[in-house]
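Take a look at the structure below.
Just so it is clear, the values below take in all heavy atoms, side chains as well, and ignore hydrogens, waters and symmetry mates.
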Amino acid sequence: MPELPEVEVSRLGISPHITDQKISKVIIRNPNLRWPVPDDVKSAEGQVVDSVSRRAKYLLLNTKVGSIILHLGMSGNLRVVDKSVPLLKHDHIDIEFGNGAVLRLNDARRFGACLWQEPDTEHELMGKLGPEPLTEDFTDIHLFEKSRNKQVAVKNFIMDNHVVVGVGNIYANESLFKAGIHPNRAAGKISKKRYEVLTQHIKETLANAIEQGGTTLKDFIQTDGKPGYFAQELLVYGRSGEACVKCDQKLKEIRLGQRSTVFCGHCQR
DNA sequence: CTTGTCACCTGAGCGC
DNA sequence: TGCGCTCAGGTGACAA
């Protein structure tokens with residue numbers, strides 16, 4: 001799945017196929033996603049998709065009467081296919097369009113979501129989210145001020161959606177390595193100068209991954225079926241025990257917040 | 001309030 | 001081949 005770059009790449013992938021298209025039918029084959037898929041989603045039938053937007057890792061298909069919210073969880077992916085294309089295992093939701101195209105949500109683990117949002121409102125899930133990392137709202141000052149007096153490990157801090165959205169496990173590992181910051185360092189004890197470097201690396205790492213078309217991992221498939229090519233550029237994630245690209249020492253692995261954390265004990269302090 | 005842990009669910013990979 | 005175990009990109013809901 002999807003960290004923010006994969007979600008954004010999915011948005012870019014599906015948007016040209018479904019923008020300005022009329023939704024003819026919403027088929028919910030399995031409503032048992034993270035939350036039960038509400039029947040309200042069918043309100044979108046007969047409506048035109050005006051735009052496809054993204055907030056954090058949520059995708060929104062916006063229509064005049066409301067928005068379909070999609071989240072890919074850990075294992076979700078979206079494909080745009082002709083409705084005649086045979087279903088695969090775990091194809092839970094189809095959003096059919098007048099031109100015969102279907103936006104098909106597949107999600108083996110069902111940690112994803114499909115919800116409905118009334119127009120001119122904000123879904124409660126999105127009410128308390130931090131800034132988007134790729135906008136000017138996300139700054140070193142924000143990280144610095146928000147982290148004061150926090151004992152939490154900096155890696156968990158930057159993965160907290162209330163602090164900044166869209167920094168998942170892979171890119172948290174990568175950004176901290178590039179910034180030379182030890183992932184277990186207390187967030188409140190990091191200087192403004194170091195947050196400046198970290199902020200820049202988070203932005204660059206995410207932006208670069210989007211450019212590369214998203215990381216290729218197990219079940220992420222771009223909407224055109226081609227995998228992304230960013231995985232080969234990962235410097236620490238998935239490289240535990242291998243040599244650090246900077247100093248050649250063995251990369252270490254620990255667990256923080258139950259997530260695998262890979263870092264260089266020499267380069268990251 | 002903060003911080004840490006659990007839960008949700010399927011599938012892949014590994015050791016035996 | 002099969003079984004049991006661990007791990008996997010997220011994140012809301014708790015408990016302490």
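A donor-acceptor pair shorter than 3.5 Å cannot be found between the side chains of A:Ser67 and A:Gln117. Judged purely by distance below 3.5 Å, without hydrogens or angles, the side chains of A:Glu6 and A:Asn77 never pair a donor atom with an acceptor atom.
An OP1 or OP2 oxygen of C:dG10 is reached within less than 4.0 angstrom by a side-chain nitrogen or oxygen of A:Arg259. Phosphate contact (OP1/OP2 of C:dA8, side-chain N/O of A:Ser260, threshold under 4.0 Å): present. The side chain of A:His90 contributes an N or O atom lying less than 4.0 Å from OP1 or OP2 of B:dG11. Of the side-chain N and O atoms in A:His71, none sit less than 4.0 angstrom from OP1 or OP2 of C:dG10. Dashed line: the shortest gap from a side-chain N or O of A:Lys150 to OP1 or OP2 of B:dT3 is not under 4.0 Å.
At a threshold of 4.0 angstrom between heavy atoms, the contacts of A:Tyr58 are confined to the sugar-phosphate backbone, with no base atom among them. Within 4.0 Å (heavy atoms only), A:Gln258 reaches at least one base atom of the nucleic acid. At the heavy-atom level, A:Asn32 lies nowhere under 4.0 Å from the strands shown. Here A:Lys128 lies out of heavy-atom contact (under 4.0 Å) with every strand.
Summarising the geometry, the separation between CH2 on A:Trp35 and P on B:dA7 is reported as 18 Å, rounded to the nearest angstrom. What separates CZ of A:Phe111 from P of C:dG10 is a distance of 11 Å, to the nearest Å. Between the C1' atom of B:dT10 and the NZ atom of A:Lys89 lies a distance of 8 Å, rounded to the nearest Å. The distance from atom CE of A:Met74 to atom C1' of C:dT6 is 13 Å, rounded to the nearest whole Å. In this structure, CG of A:Asn77 is placed 17 Å from P of B:dT10, rounded to the nearest angstrom. One atom, CG of A:Leu72, and another, P of C:dG10, lie 11 Å apart when rounded to the nearest Å. The distance from atom CG of A:Asn184 to atom C1' of B:dG4 is 13 Å, rounded to the nearest whole Å. Atom P of nucleotide B:dT2 and atom NZ of A:Lys146 are separated by 9 Å, given to the nearest angstrom.
Applying the 3.5 Å distance criterion, the base of C:dT11 shares a donor-acceptor pair with the side chain of A:Arg34. A donor-acceptor contact under 3.5 angstrom links the side-chain atoms of A:Arg109 to the base of B:dC9.
Comparing C:dC7 with B:dT5, their P atoms are spaced 15 Å from each other, to the whole Å. Atom name C1', nucleotides C:dT11 and B:dA12: the rounded distance is 23 Å, in whole Å.
Residue A:Arg255 is the one, among A:Arg255 and A:Ala56, whose nearest nucleotide of DNA chain C lies closer to the 5' end (criterion: closest heavy atom). Nearest-nucleotide positions on DNA chain C for A:Asn161 and A:Glu253 put A:Glu253 closer to the 5' end.
Side-chain heavy atoms closer than 4.5 Å link hydrophobic residues (I, L, V, M, F, W, Y) into clusters, and following such links, possibly through other members, connects A:Val152 to A:Tyr171.
Base-pair partner of B:dC9: not found among the strands shown (Watson-Crick or G-U wobble, both distances under 3.5 Å).
Under the side chain to side chain contact (heavy atoms under 4.5 Å, CB included) test applied with A:Leu115, the options A:Glu124, A:His71, A:His123 reduce to a single match, A:His123.
Using a cut-off of 4.0 Å between Lys/Arg side-chain N and Asp/Glu carboxylate O, A:Lys250 and A:Glu242 are scored as not salt-bridged. In this structure, A:Arg29 pairs ionically with A:Asp94, as a charged nitrogen and a carboxylate oxygen lie closer than 4.0 Å.
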